[in-house]
Trainee: 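Here it is, the structure, as structure tokens.
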Number of protein chains: 2
Amino acid sequence: MPRKGPDPGGAGPHAGRPTIGDIAESLGLSKAAVSYALNGRPGVGVRTRERVLAAAEELGWHPSNSARVLRGADAGVVGLVLSRDPELLTFETFFVHFLAGLEKVLAERGSSLLLRVIGDHPDEEIATYRRWWGERRIDGVILLDERFRDPRVAQLAALRIPAVLCGGPLKDWTMPALWTDHAADAETAVEHLQALGHRRIAHIGGPMQFVHERSRRRGVRRAAARRGMQVVCVESGYTGPAAARHTHEVLGVDAGERPTAVVYGSDVMAANGLAAIDELGLDVPGDVSVLSWDDSQLATLIRPSVSALRRDNLAYGALAGGCLADLVQGHNRGAVQLPASTLEVRDSTGPARTAG
Amino acid sequence: MPRKGPDPGGAGPHAGRPTIGDIAESLGLSKAAVSYALNGRPGVGVRTRERVLAAAEELGWHPSNSARVLRGADAGVVGLVLSRDPELLTFETFFVHFLAGLEKVLAERGSSLLLRVIGDHPDEEIATYRRWWGERRIDGVILLDERFRDPRVAQLAALRIPAVLCGGPLKDWTMPALWTDHAADAETAVEHLQALGHRRIAHIGGPMQFVHERSRRRGVRRAAARRGMQVVCVESGYTGPAAARHTHEVLGVDAGERPTAVVYGSDVMAANGLAAIDELGLDVPGDVSVLSWDDSQLATLIRPSVSALRRDNLAYGALAGGCLADLVQGHNRGAVQLPASTLEVRDSTGPARTAG
DNA sequence: GCAGTCTACTGAACTGGTTAAGTGGACAAT
DNA sequence: ATTGTCCACTTAACCAGTTCAGTAGACTGC
């Protein structure tokens with residue numbers, strides 16, 4: 001199967017990609033001897049080994065991944081399917097950082113990443129994993145964005161595909177999971193607002209199909225209740241218009257009932273919330289304080305800059321990669337807790353306006 | 001090689017992954033007959049074909065990619081190495097959109113994407129391509145971020161690795177290239193500013209190691225010269241502090257010499273520029289108009305919102321994927337021009353303050 | 001001098017799917 | 001009845017590695 005395109009002559013076998021047989025032939029050895037030499041196994045003399053390695057280097061030999069996998073080796077690849085709308089800025093920053101961290105660890109452990117980007121469609125996601133696994137392309141997968149009653153977990157378990165869940169941990173499963181203590185993060189956020197004198201707050205979160213959104217809402221409710229604060233929770237979407245609409249809904253009431261602080265589910269929601277609050281003729285942080293549950297450069301660039309709960313997504317991705325690499329090698333690390341988010345206090349949170 | 005983990009019994013061959021041989025055995029046929037049936041080739045009866053397909057479906061068979069590649073099939077994978085700092089917001093949005101478009105087309109054409117994220121290090125990038133290619137993991141690669149005197153082009157050509165360059169076109173190479181008419185985009189930007197009465201403008205661009213930054217600078221210079229406008233060009237960096245520093249440099253002069261408009265190389269640079277202009281006690285767009293060469297949600301969320309040249313990066317990625325898929329199949333589409341950017345006029349550009 | 005052991009290799013089978021070449025039987029034409 | 005032509009299938013080689021089971025030769029021990 002010669003390569004297409006301008007290939008006059010085609011200097012050598014397989015478009016210049018030498019095989020172990022070429023090395024063997026050039027040195028008058030058998031394929032087996034060359035294989036032993038290249039893999040540092042006993043059974044070849046020191047002198048011969050050196051010659052083999054030199055020849056491999058000179059010819060620019062690389063082992064055929066297909067041949068190795070066919071013999072039963074790991075594919076050296078892990079799969080990741082993204083089923084989210086790429087238009088969401090929060091997701092973009094999360095994803096690129098997560099990916100960079102993930103990839104760094106995988107590279108260190110000799111793996112690569114097979115990526116697929118699809119719309120929000122869990123069926124296609126599991127079908128992709130099933131196909132990749134069936135085709136022996138991957139050794140395992142990373143599951144992002146755990147959903148309420150997520151079907152992917154049971155399906156991957158049934159297919160015996162090694163997987164690391166970013167979410168959980170799940171009670172009934174042995175799948176390793178990277179989980180965040182959203183309750184603790186909620187405490188951090190609510191405590192900050194309490195300290196500033198806020199007694200009536202709102203939480204405008206993302207879609208409740210995501211488990212982390214449920215956890216956050218529950219965390220905020222409990223943290224507020226524990227402090228005797230009133231709290232209004234609204235399910236919104238990650239898009240700007242949704243966040244703006246719910247901001248109008250929550251804050252467009254009499255000053256006496258109006259929350260004095262809003263915790264948004266993401267930086268994009270907070271940014272659009274700021275604009276909506278401005279439309280309502282309210283001042284941030286004078287009338288309303290604003291806090292975002294995700295941090296990003298956006299939070300620092302808009303005015304006022306937005307106080308935010310910050311998580312190291314690079315480390316998150318790296319941890320996920322490490323857990324999966326371990327799992328593929330037979331070591332299940334179980335439930336791993338991520339470090340708590342830190343609060344970045346900026347200009348959008350301030351003292352509550354004293355009632356009256 | 002049984003999978004690790006809880007695998008009591010291990011129901012079937014290769015952890016539940018049946019082979020063509022299993023199908024053949026279960027039906028009392030030869031492997032060849034099954035292969036012909038599964039691939040829709042002549043040589044099997046209609047009845048037999050149906051039985052084979054039914055058995056494959058029931059067993060959940062997928063063809064082993066390794067086995068096919070070993071026989072000479074394409075890998076069905078294209079490679080992409082990112083060598084940029086993931087901290088750059090502009091890059092994040094560009095990348096995720098580009099990726100989504102790229103992946104969509106690749107999926108339609110039966111390919112997947114192998115991804116690697118590394119720091120800014122061209123040597124490691126080419127080494128990764130070389131290894132992937134040597135290991136028969138990929139059919140081709142996408143080259144992003146063309147650099148001045150980019151070594152990657154010649155190296156990939158020498159290795160005969162099919163590649164599509166996002167940049168170019170190059171005079172001496174037959175590598176397909178997706179190129180942008182930066183001169184035309186510069187015309188659009190400068191014309192907009194001229195129409196608003198600006199006669200003295202600045203361009204604060206990104207690093208000149210990138211070919212597109214050079215093209216843009218040249219485009220701005222020529223478009224301005226053609227209109228008799230004065231122009232100051234500064235090489236900056238994609239980070240916020242660099243953009244802020246150069247903004248102070250360019251605008252911290254007497255009002256008589258001060259440019260009345262600045263074209264920034266990216267949305268992040270523009271956002272940080274806005275903050276710097278505010279620090280200088282200048283008003284946007286009253287004293288200075290601001291234009292960004294990349295658009296994103298950030299440009300719409302900061303105040304004032306930033307006028308920007310917008311490019312459809314989803315379509316860009318899709319086009320790159322299509323060109324590469326064509327190239328792998330032997331069809332070189334040569335130099336393909338991307339659609340011109342469109343100007344999104346927002347609040348940051350306004351009439352020039354009349355001199356005096 | 002001959003068995004025993006070790007070293008340094010070779011030969012061949014094997015992985016799963018593809019494919020050229022071959023085979024046996026049914027059927028038609030002559 | 002013979003020849004030819006299909007059809008529907010089988011056999012076996014092949015891809016590039018890995019690995020098990022040899023094996024030739026050198027060396028040791030007695």
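Just so we're on the same page: letters track the sequence lines, and every chain starts at 1.
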Trainee: Can you tell me if CD on B/Glu25 sees more than 12 non-hydrogen neighbours from other groups inside 6.0 Å?
Mentor: no

Trainee: Is there a residue in residues 44-56 of chain B whose heavy atoms reach under 4.0 Å of DNA chain D, and which residues are they?
Mentor: B/Val44, B/Gly45, B/Thr48

Trainee: Can you list the residues that meet the salt bridge (Lys or Arg N to Asp or Glu O under 4.0 Å) rule with A/Arg84, with sequence neighbours excluded?
Mentor: A/Asp145

Trainee: Between B/Val44 and B/Arg49, what is the shortest heavy-atom contact and its length?
Mentor: CG2-NH2, 3.2 Å

Trainee: In whole angstroms, how far is the C1' atom of D/dT10 from the CD atom of B/Glu25?
Mentor: 16 Å

Trainee: Is the backbone N or O of B/Val81 less than 3.5 Å from a side-chain atom of B/Tyr129, with the two atoms forming a donor-acceptor pair by type?
Mentor: yes

Trainee: Within this structure, what is the CZ-to-P distance between B/Arg137 and D/dG17, rounded to whole angstrom?
Mentor: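 Between P of D/dG17 and CZ of B/Arg137: 13 Å.
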
Trainee: Given 3.5 Å as the limit, does a donor-acceptor pair link the side chain of A/Arg17 with the main chain of B/Trp133, or not?
Mentor: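 A pair under 3.5 Å: yes.
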
Trainee: Check whether any side-chain N or O of A/Asp74 sits under 3.5 Å from a backbone N or O of A/Gly76 as a donor-acceptor pair, and report yes or no.
Mentor: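 Such a contact is absent between A/Asp74 side chain and A/Gly76 backbone.
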
Trainee: Using 4.0 Å as the upper bound for N to carboxylate O, is an ion pair formed by B/Glu124 and B/Arg116?
Mentor: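 Answer for the salt bridge query: yes.
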
Trainee: Between the protein and nucleotides 17-21 of chain C, are there any N/O to N/O pairs under 3.5 Å, and if so, what are the atom names and distances?
Mentor:
| residue | atom | partner | partner atom | Å |
| --- | --- | --- | --- | --- |
| C/dG17 | OP1 | B/Trp61 | NE1 | 3.1 |
| C/dG17 | OP1 | B/Ser64 | N | 3.3 |
| C/dG17 | OP2 | B/Ile20 | N | 2.5 |
| C/dG17 | O3' | B/Arg68 | NE | 3.4 |
| C/dG17 | N7 | B/Lys31 | NZ | 3.0 |
| C/dG17 | O6 | B/Lys31 | NZ | 3.4 |
| C/dG17 | N2 | B/Arg71 | NE | 3.4 |
| C/dG17 | N2 | B/Arg71 | NH1 | 3.1 |
| C/dT18 | OP1 | B/Arg68 | NE | 2.6 |
| C/dT18 | OP1 | B/Arg68 | NH2 | 2.9 |
| C/dT18 | OP2 | B/Ser35 | OG | 3.0 |
| C/dT18 | OP2 | B/Asn39 | ND2 | 2.9 |
| C/dT18 | O2 | B/Arg71 | NH1 | 2.8 |
| C/dT19 | OP2 | B/Arg41 | NH1 | 2.9 |
| C/dA20 | N7 | B/Tyr36 | OH | 3.4 |
| C/dA20 | N6 | B/Tyr36 | OH | 3.1 |

Trainee: Are more than 12 heavy atoms from other residues, nucleotides or ligands located less than 6.0 Å from atom CZ of A/Arg130?
Mentor: no

Trainee: Between P on D/dA8 and CG on B/Leu27, what's the gap in Å once rounded to a whole number?
Mentor: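 To the nearest whole Å, that distance equals 17 Å.
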
